[in-house]
Novice: 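A single structure is presented below for examination.
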Amino acid sequence: MMFAEGHGLHPGHENLGGHIRFFNLDSGIFVRVRLPLLTDHCVLDSVEGLLVLQRDEDTAIRLLHPFTGDIVELPPLTSLAMQLKTDYPEATKLKLMRHISASISVADDGVVRVMVILIRMMRAAVATSQDTEWSMLSWRVPSHYQPLSTGGKQYLVHDTYFEDIDPDVAQVFQMEAHLQDTPKLIATIPREILAYPVYLVECDSEVLVVGHNDMSFTHLAVHRLSDLVSERYVPVKGIGDKVIFVGGRALCVSSKILPPTTGNAVIYQHPRELTFSQYCLGSSTWSLATDECSMSNLTQGPCSLITHVFTCCSRGHWNKGLMYWRDNEPLTWKVKQKFRDGA
């Protein structure tokens, strides 16, 4: 993951000297990389080990391999803003469009195709490395939590709790980067199996579905998506030495790099608590994931590594150089570049 430095040191900050640190979630090794282009680009997403960047000058989207420097050029976001039929001014549309989830496919001839879900506008668009503009797809994306992108596909959970149509289920949809088909319903989850909210995470090359197994938020359960597709509603017994972080997005991390965690656990901010909670899948028990100091910006000491990892799940924090704290909500901010409002 791109390491969240905190202290206002957002990617591209002049005090970082054109460098950025990456943190290996399996080995705990730090790698410091020189990426001077972050001074005039903002990071929108990461997918398949690549950074999805927007260039400030002209809103061009670029895929960057952070360790080789290879770049794939894609059309500017302004070409997409003109296709959106809304009453928002262009600057507002561009700000909303920066909240994306991307998926990538590569054809046999080397042409790169990218699909982006515009999370806040519930639309999707596609472009290739040979196009000059993005194409807005005609259909709308179902309302959802943070999508999961892996292997050229995007998965999202649509909860029907507040709708008239079968409010007792959640639906999992699949979208593929190389297709323009409407989202495909691949699984239906009864409310008694997984209750609101439901999250998706990739762990050891397998897609897992995480959620509470009752509306009292007392216990958590983890299921394989492949099992839910086959209507097998049996939760996994454990996830080994892994720890799942659930925030705006979800990450799977080795417990070996996060003492004192012991693995087979889920860490997130409990809906009814103000602290990072850790749920042990083996014993079905809750505990604090980190100390009180690491949960508040009232202290000036170092943060727990858990807080840094959790911050990576919240784009609105790390992209501004902020740490994820219970009393530290990020605000929209502006910098001098023309198109970087709210980056």
Side-chain angles (χ1 to χ4, degrees), residues 45-48 99-105 114-126 137-215 217 219-237 239 242 244-252 266 268 271 279 281 313:
D45 195 17
S46 61
V47 56
E48 311 292 353
H99 295 266
I100 68 169
S101 176
S103 56
I104 301 172
S105 65
V114 177
M115 172 186 286
V116 295
I117 296 177
L118 307 175
I119 295 174
R120 294 195 173 181
M121 309 190 84
M122 291 188 291
R123 299 296 300 272
V126 295
L137 300 180
S138 60
W139 38 263
R140 295 185 66 83
V141 177
S143 57
H144 57 279
Y145 312 125
Q146 178 70 35
L148 172 67
S149 178
T150 178
K153 301 177 182 179
Q154 298 213 48
Y155 301 92
L156 56 90
V157 178
H158 170 64
D159 197 283
T160 61
Y161 183 72
F162 301 105
E163 300 181 2
D164 293 334
I165 54 164
D166 201 354
D168 292 326
V169 301
Q171 300 171 324
V172 182
F173 288 89
Q174 175 184 292
M175 303 165 61
E176 298 192 41
H178 70 284
L179 300 175
Q180 296 190 22
D181 298 341
T182 57
K184 178 183 178 182
L185 177 63
I186 61 172
T188 299
I189 310 172
R191 184 79 54 192
E192 63 269 18
I193 302 299
L194 287 175
Y196 169 91
V198 180
Y199 305 93
L200 300 168
V201 61
E202 184 179 8
C203 188
D204 289 336
S205 301
E206 190 166 38
V207 178
L208 301 180
V209 186
V210 184
H212 291 273
N213 58 10
D214 55 47
M215 291 301 292
F217 303 130
H219 298 289
L220 285 173
V222 177
H223 291 255
R224 294 183 181 87
L225 177 58
S226 58
D227 286 343
L228 298 178
V229 171
S230 301
E231 298 184 352
R232 293 193 299 267
Y233 302 119
V234 180
V236 299
K237 295 181 178 179
I239 54 175
K242 302 296 185 181
I244 294 173
F245 281 74
V246 174
R249 64 190 303 170
L251 293 173
C252 186
V266 178
Y268 83 131
Y279 183 81
L281 295 172
C313 296

Novice: Starting at CG of L156, measure out to CD of Q174 and round the result to the nearest 0.5 Å.
Specialist: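 Rounded to the nearest 0.5 Å, the CG-CD separation comes to 10.0 Å.
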Novice: Return the NE2 to NZ distance between H178 and K153, rounded to the nearest 0.5 Å.
Specialist: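 These two atoms lie 8.0 Å from each other.
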Novice: Using the side chain to side chain donor-acceptor pair (under 3.5 Å) criterion, which residues pair with S101? Sequence neighbours excluded.
Specialist: Q154
Novice: With a cut-off of 6.0 Å (strictly less than), are more than 12 heavy atoms of other residues, nucleotides or ligands near CZ of R140?
Specialist: yes
Novice: Ignoring hydrogens, what is the shortest heavy-atom contact between V169 and P190? Give both atom names and the distance.
Specialist: CG1-CA, 4.3 Å
Novice: With sequence neighbours excluded, tell me which residues meet side chain to side chain donor-acceptor pair (under 3.5 Å) with E202.
Specialist: T150
Novice: A side-chain contact here means heavy atoms from C-beta on lying under 4.5 Å apart; do I100 and L118 qualify?
Specialist: yes
Novice: For the residue pair L251 and C313, establish whether any side-chain heavy-atom pair is separated by less than 4.5 Å.
Specialist: yes
Novice: Output all residues satisfying salt bridge (charged side-chain N to carboxylate O under 4.0 Å, His left out) with D204, sequence neighbours left out; order by chain, then residue number.
Specialist: K242
Novice: Is any side-chain heavy atom of D181 closer than 4.5 Å to a side-chain heavy atom of E176?
Specialist: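 No, their side chains stay 4.5 Å or more apart.
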Novice: Go through the structure and list residues passing side chain to side chain contact (heavy atoms under 4.5 Å, CB included) with A221, not counting sequence neighbours.
Specialist: L194, N213, H223, P235
Novice: CD1/I193 to OG1/T188 distance, rounded to the nearest 0.5 angstrom?
Specialist: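 Between atom CD1 of I193 and atom OG1 of T188 there are 12.5 Å.
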Novice: Go through D168 and E192 one step at a time and tell me if the side chain to side chain contact (heavy atoms under 4.5 Å, CB included) criterion holds.
Specialist: CA-CA 8 Å; D168 292 326; E192 63 269 18; 5.7 Å; no
Novice: Does the pair V209 and V198 meet the rule for a side chain to side chain contact (heavy atoms under 4.5 Å, CB included), with working shown?
Specialist: CA-CA 7 Å; V209 186; V198 180; 3.3 Å; yes
Novice: When you measure from the side chain of W139 to the backbone of A124, do you find a donor-acceptor pair of N or O atoms at a distance under 3.5 Å?
Specialist: no
Novice: So, the side chain of D227 versus the backbone of S230: is there a donor-acceptor pair under 3.5 Å, distance only?
Specialist: no
Novice: Does R249 have any salt bridge (charged side-chain N to carboxylate O under 4.0 Å, His left out) partners at least two apart in sequence or in another chain, and if so, which?
Specialist: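 Result, salt bridge (charged side-chain N to carboxylate O under 4.0 Å, His left out) vs R249: D45.
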Novice: Do L220 and H212 have side chains that get closer than 4.5 Å, going by heavy atoms?
Specialist: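 Yes; the side chains approach each other to less than 4.5 Å.
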Novice: Nearest 0.5 angstrom please: Y199 OH to Q146 CD, how far?
Specialist: 11.0 Å
Novice: Is there a side-chain contact between V229 and V172, using heavy atoms and a 4.5 Å cut-off?
Specialist: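 Side-chain contact under 4.5 Å: no.
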Novice: Mind checking the CE-NZ spacing from M175 to K184? Nearest 0.5 Å is all I need.
Specialist: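 NZ of K184 is found 13.5 Å from CE of M175.
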Novice: Can you list everything that forms a salt bridge (charged side-chain N to carboxylate O under 4.0 Å, His left out) with E206? Sequence neighbours excluded, please.
Specialist: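 Salt bridge (charged side-chain N to carboxylate O under 4.0 Å, His left out) list for E206, sorted by chain: R224.
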Novice: Should V141 and F173 count as side-chain neighbours, where that means a heavy-atom distance under 4.5 Å?
Specialist: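 Not in contact.
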Novice: I'd like to know if the side chain of H158 and the backbone of S143 have a donor-acceptor N/O pair within less than 3.5 Å.
Specialist: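 Such a contact is found between H158 side chain and S143 backbone.
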Novice: So, the side chain of S103 versus the backbone of S149: is there a donor-acceptor pair under 3.5 Å, distance only?
Specialist: no
Novice: Keeping E48 on the side-chain end and G151 on the backbone end, is there a donor-acceptor pair under 3.5 Å?
Specialist: yes
Novice: Identify the two heavy atoms, one from L228 and one from Y233, that lie closest to each other, and give their separation to 0.1 Å.
Specialist: CD2-CD2, 3.6 Å
Novice: Taking atom CD1 of I189 and atom CZ of R191, what is their separation to the nearest 0.5 Å?
Specialist: 9.5 Å
